[in-house]
Amino acid sequence: MRLFLKLKHWQLFLLSYGIEFLAYLILTASNISSPDFSIIFKSFSIILILTLISINIWYFTLGIYLHKKLPEIAKMNLRRFKILQLYCAFYSIFLAFVLLDIKKGMMSGQSMNSNLFMYIMPFHILGMICILSCLYYIAKTLRIIEVQRQVSFEDFASYFFLLLFFPIGIWFIQPKINKLFAN
């Protein structure tokens, strides 16, 4: 897991999104003459799961190793972060399988079950709360380590939003992580 702390921003971006994009291009190009959308959807779902796993591992690694660098004045609840991040990881994978099932139903001409969304919505809302809480934890921990004092949300809001918009924020956050864990 520590490998994620030493990766350069472009390496982490390629691991998360580059492989997914390249695989999707290859799958699409190989099925142009006789498109088999079921193969594309299945393959894309597997690639999506791998992407979500890599992002969740990066978040988990950041939370764990940043916590170890916290000064004595700052107390952050690592156990709660681990539980929230674990839910995020499982929910991300679950959601990818649900999307695959919905796409399979749409491809076979079945109408979408509206009750499905009613059942998923509470889990989705909880997942969003967990993701936002984990990003809050990581951003706050990173800023506390930088300034070596307690911080308010205004002090780390930029880190929070950079983490929230992962494909953009990774280019700014990962170099800071590399500097922290360089020694």
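What's counted below: heavy atoms across the whole structure, side chains too, no hydrogens, waters or symmetry copies.
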To the nearest 0.5 Å, tell me how far [X] [atom1] sits from [Y] [atom2].
X: I177; Y: Y65; atom1: CD1; atom2: OH; result: 13.0 Å
X: L163; Y: C134; atom1: CG; atom2: SG; result: 11.0 Å
X: L66; Y: I144; atom1: CG; atom2: CD1; result: 10.5 Å
X: I138; Y: L162; atom1: CD1; atom2: CG; result: 12.5 Å
X: Y137; Y: M76; atom1: OH; atom2: CE; result: 5.5 Å
X: L12; Y: K6; atom1: CG; atom2: NZ; result: 15.0 Å

Looking at every non-hydrogen atom in both residues, tell me the closest pair between [X] and [Y] and how far apart they are.
X: C130; Y: L84; value: SG-CD2, 3.5 Å
X: F160; Y: A139; value: N-CB, 3.5 Å
X: N178; Y: L5; value: ND2-O, 2.8 Å
X: N56; Y: C88; value: OD1-CB, 3.9 Å
X: Q150; Y: A74; value: NE2-CA, 3.4 Å
X: K82; Y: I64; value: CE-CD1, 3.3 Å

(request) Inspect the surroundings of CZ in F123 and state if more than 12 heavy atoms from other residues, nucleotides or ligands are less than 6.0 Å away. (result) no

(message) Counting only heavy atoms not in R149 (residues, nucleotides, ligands), do more than 12 fall under 6.0 Å from its CZ?
(response) yes

Hydrophobic cluster membership, [X] vs [Y], 4.5 Å side-chain cutoff:
X: L7; Y: F181; value: yes
X: L62; Y: F172; value: yes
X: L142; Y: I73; value: no
X: L132; Y: I83; value: no
X: Y159; Y: I168; value: yes

(request) Apply side-chain contact (heavy atoms from CB on, under 4.5 Å) to F90 and Q85, showing your working. (result) CA-CA 9 Å; F90 284 123; Q85 186 60 42; over 6 Å; no

Under 30°, 30 to 60°, or over 60°: which ring-plane class applies to [X] and [Y], parallel, tilted or perpendicular?
X: F166; Y: W58; answer: perpendicular
X: W171; Y: H9; answer: tilted
X: F156; Y: F153; answer: perpendicular

Is the backbone of [Y] close enough, under 3.5 Å, to the side chain of [X] for a donor and an acceptor to pair up by distance?
X: Y91; Y: L86; result: no
X: T51; Y: S16; result: yes
X: D155; Y: R143; result: no

(request) Please report the C-alpha distance between V151 and E146 in whole Å, then the side-chain angles of each, then the deciding distance to 0.1 Å, and finally whether the side-chain contact (heavy atoms from CB on, under 4.5 Å) criterion is met. (result) CA-CA 10 Å; V151 294; E146 285 184 346; over 6 Å; no

(request) Scan side-chain atoms only and decide if Q174 and W10 contain a donor-acceptor pair under the 3.5 Å cut-off. (result) no

